[in-house]
Novice: 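Quick one: structure below, then a few questions.
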Amino acid sequence: MSSPVPSSGPDPAASGSPQSSASANAVDSKGLKGGALGLVSSVVIGVASTAPAYSLAASVGFIVASGGSLLAGTKAPGIVLLAFVPMYLIAVAYAELNKAEPDCGTTFTWGTRAFGSVTGWMGGWGIIVADVIVMANLAAIAGSYSFIFLGELGVSGAADLADNVLWSTLAGLAWIIVMTWICYRGIELSARIQVVLLSIEVVVLILFAAFALVRVYTGTAESYSLVPSLDWFNPFTLDFSSVIAPAMLTAIFIYWGWDTAVSVNEETSEPDKTPGRAAVISTLLLLVTYALVTTAAVAFAGVGTTGIGLGNEANANDVFTAIGPALFGDSPIGTFCMLLLAASILTSASASTQTTILPTARTALSMAVFKAIPERFARIHPRFLTPTWSTIGMGIASCVFYVVFTLISPNLLNALIGSIGLMIAFYYGLTGFACVWFYRRTLTSSARNMIMRGIFPLVGGLILLAVFIYGTVQFAAPDWLTDADGNNVTILGIGAEAVVGIGGLLIGLVLMGIWWARHPDFFRGKTLPRRAAEREVAS
């Protein structure tokens, strides 16, 4: 086993001399299994973490329409392209910061280095709370699709259980437990399973898009189907505050997850290079996949508010299941294709359940190592070399949150995508700003540094900040999200998406204050002090 790269040491590439004021409490190794992953494995983990099939199934409808009226409409593919821009720019920021400090805490560590302990802590909390919340949605999908898949296989009565709250919740909890166990057993086992699950997803998504587009262009589609046009890819004719910003938050959700490739940086070969490359490659692969499938879905189903139209609220939670029967028909081949579609969404949600645990556990591990949370979360399994308390704690927290939300109202699960978008915009944007500030002294040393460490991360951060602000305002409207009966989904009279998103971040402030009062060393800069890349010294 190769030894991990020091997680808090100086960056030879960013500094002309060794860090002369290294903290006495600096940690060289957290005990993770270094060298376990290569570039391909890292890319697989990065792409699989986004759950492409599930993300598209659960998000395309909300990009097209919301609150019973069209949002982006036929310009949904343009929104998907636009959302890629900040994702790519922030992926560059991740790659650049990872060169300086390949620490599994990512935003937590880099935010602390750049801006100090409070900002860094909140960045780490943003990762944790977003992952815990999304686990409820992933588990709900995995649970219900377990029965849908069994029904497609011909198991009598199984499909009926998909809509049964009790049985689908139990199945979702089972998925969380199984995936937590896999993550506990080791990063290599996790990576091998991801290769299989992702392969199923990609094949089925390509099949879906090809089938839909062939039917549209050959004139064998439905009467409401639409022929794609270049105008679909131009979202700039839409209003920014009321359409682009909220639609972007949903579109950002479907890209979210590629940063898992960076959170396992201490377990990769060449930790300072491989994770960053994997992050950038992951975003590019996702762009191609999402643009193709979104265009195919809009083309075949149209944006009508009835039937299989993507503007129909009844289809918003799962557009593939709505489109599938009309697309594939009821022939034996069509039945087989529907089976594959169900399998892809099941494997997508279950795969993402697993890869969501990975970054959360490693963020908590890093925070614990630097004494920002209880040190028990820094414990590593002596055989599997994985975080123990952090991994199991993530599984338990996810189960509790899932059950609580389900007991309050299953409709609240619909509010999670937008609220998670707020948290993603928060900690991704923070990472962009952290990159600029960390490298501020070296930005003018070359054109490459100015662009990759300055302009790109700054623009990405500003875009996400604007989307965060405007999205919050729209999500707070009481009538922004409605349930199947047309009732507003609110908490204390405020749109549920805004309450869950902002409320999750505010809870972090309270918890941070409590830990600060009890264990102030981290907040005094004793365990993870601020620093910046030093000016490069000519040799």
Side-chain angles (χ1 to χ4, degrees), residues 49 51 54 58 121-122 124-146 164-184 256-257 349-365 367-368 372-379 386-420 422-424 427 489 491-492 496-497 499-515:
S49 296
Y54 154 71
W121 201 97
M122 286 304 298
W125 173 254
I127 295 174
I128 292 173
V129 72
D131 287 346
V132 169
I133 290 177
V134 79
M135 285 289 281
N137 202 289
L138 290 169
I141 293 292
S144 62
Y145 261 88
S146 297
N164 184 292
V165 175
L166 174 61
W167 283 103
S168 62
T169 300
L170 290 175
L173 291 172
W175 276 112
I176 294 177
I177 293 170
V178 169
M179 292 306 177
T180 301
W181 176 80
I182 291 173
C183 292
Y184 184 85
W256 174 51
S350 58
S352 191
T353 302
Q354 176 190 340
T355 50
T356 299
I357 296 170
L358 292 176
T360 315
R362 280 146 185 80
T363 298
L365 167 67
M367 294 179 76
I373 61 175
E375 291 183 62
R376 63 175 62 93
F377 288 99
R379 295 177 185 174
T386 56
T388 53
W389 274 68
S390 296
T391 301
I392 295 173
M394 171 58 180
I396 293 174
S398 299
C399 288
V400 171
F401 187 86
Y402 178 33
V403 171
V404 168
F405 255 55
T406 302
L407 288 176
I408 294 175
S409 172
N411 288 325
L412 282 179
L413 295 177
N414 296 336
L416 297 183
I417 292 178
S419 62
I420 294 166
L422 293 175
M423 295 178 194
I424 297 166
Y427 84 83
V489 181
I491 299 176
L492 301 177
E497 289 186 324
V499 173
V500 174
I502 302 301
L505 294 175
L506 293 178
I507 290 172
L509 284 175
V510 174
L511 295 176
M512 181 182 66
I514 294 172
W515 185 253

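Reckoned from all heavy atoms, side chains included, excluding hydrogens, waters and symmetry mates. Start at 1 with the first residue, then count along the sequence.
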Novice: If you measure from CG on Asp131 to OG on Ser49, what distance do you get to the nearest 0.5 Å?
Specialist: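 Answer rounded to 0.5 Å: 9.0 Å.
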Novice: Keeping the roles fixed (side chain from Thr360, backbone from Ile128), state whether a donor-acceptor pair exists under 3.5 Å.
Specialist: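 No; judged by distance alone, with no hydrogens or angles, the pair does not exist.
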Novice: Is the backbone N or O of Ile141 less than 3.5 Å from a side-chain atom of Ser144, with the two atoms forming a donor-acceptor pair by type?
Specialist: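 Answer holds: yes.
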Novice: Only pairs under 3.5 Å count here: list side-chain donor-acceptor contacts from residues 501-515, not counting sequence neighbours, and write none if there are none.
Specialist:
{"from": "Trp515", "atom 1": "NE1", "to": "Lys371", "atom 2": "O", "distance (Å)": "3.1"}
{"from": "Trp515", "atom 1": "NE1", "to": "Ala372", "atom 2": "O", "distance (Å)": "3.0"}

Novice: Any chance you could measure Leu173, atom CG, to Thr406, atom OG1, to the nearest 0.5 Å?
Specialist: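 Those atoms lie 8.0 Å apart.
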Novice: Let me confirm one number: the CD1-CD1 distance from Ile177 to Ile396, rounded to the nearest 0.5 Å.
Specialist: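 One finds 9.5 Å between CD1 of Ile177 and CD1 of Ile396.
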Novice: Which heavy atom in Leu138 sits nearest to a heavy atom in Thr353, and how many Å separate them?
Specialist: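 That closest heavy-atom pairing would be CB-OG1, 3.7 Å.
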Novice: Could you pull out the closest heavy-atom pair between Trp256 and Tyr427, with the gap in Å?
Specialist: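 Shortest heavy-atom contact: NE1-OH, 2.6 Å.
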Novice: Looking at CD1 of Ile420 and CE of Met135, how far apart are the two atoms once the value is rounded to the nearest 0.5 Å?
Specialist: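 Interatomic distance, Ile420 CD1 to Met135 CE, rounded to 0.5 Å: 11.0 Å.
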Novice: Taking only residues two or more places apart in sequence or in another chain, which ones pass side-chain contact (heavy atoms from CB on, under 4.5 Å) with Ala51?
Specialist: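 Only Tyr54, Ser55, Ser348, Ser352 meet the side-chain contact (heavy atoms from CB on, under 4.5 Å) criterion with Ala51.
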Novice: For Leu166, look at atom CG and say whether over 12 heavy atoms of other residues, nucleotides or ligands are found less than 6.0 Å away.
Specialist: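 More than 12 within 6.0 Å, yes.
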Novice: Check Ala361 against Thr391 and note the closest heavy-atom contact, atom names and distance.
Specialist: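 Closest approach of Ala361 to Thr391, heavy atoms only: CB-OG1, 3.6 Å.
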Novice: Hey, mind stepping through Met179 and Thr356 against side-chain contact (heavy atoms from CB on, under 4.5 Å) and telling me if it holds?
Specialist: CA-CA 10 Å; Met179 292 306 177; Thr356 299; over 6 Å; no
Novice: Nearest 0.5 Å please: distance from the OH atom of Tyr402 over to the CG atom of Leu407.
Specialist: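 Atom-to-atom, Tyr402:OH and Leu407:CG are 10.5 Å apart.
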Novice: Could you tell me which non-hydrogen atom of Ser419 sits nearest to which non-hydrogen atom of Val500, and how far apart they are?
Specialist: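 In this case the closest contact between Ser419 and Val500 is OG-CG1, 3.5 Å.
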Novice: What I'd like to find out is whether the side chain of Phe401 reaches to under 4.5 Å of the side chain of Val134, using heavy atoms alone.
Specialist: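 Not in contact.
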Novice: Quick one: closest heavy-atom pair of Val132 and Ala397, and the distance?
Specialist: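 Closest heavy-atom pair between Val132 and Ala397: CG1-O, 4.0 Å.
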Novice: What closest approach, in Å, do Gly126 and Met423 show between heavy atoms, and which atom pair accounts for it?
Specialist: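 Of all heavy-atom pairs spanning Gly126 and Met423, the closest is O-CB, 4.4 Å.
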Novice: Within a strict 4.5 Å, meaning less than it, do heavy atoms of the Ser146 and Trp175 side chains meet?
Specialist: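 A side-chain contact under 4.5 Å exists here.
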Novice: With a 4.5 Å heavy-atom cut-off, do Ser390 and Arg362 have their side chains touching?
Specialist: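 Not in contact.
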Novice: When rounded to the nearest 0.5 angstrom, what is the spacing between CD1 in Ile373 and CG in Leu365?
Specialist: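 With rounding to 0.5 Å, CD1 (Ile373) is 8.5 Å from CG (Leu365).
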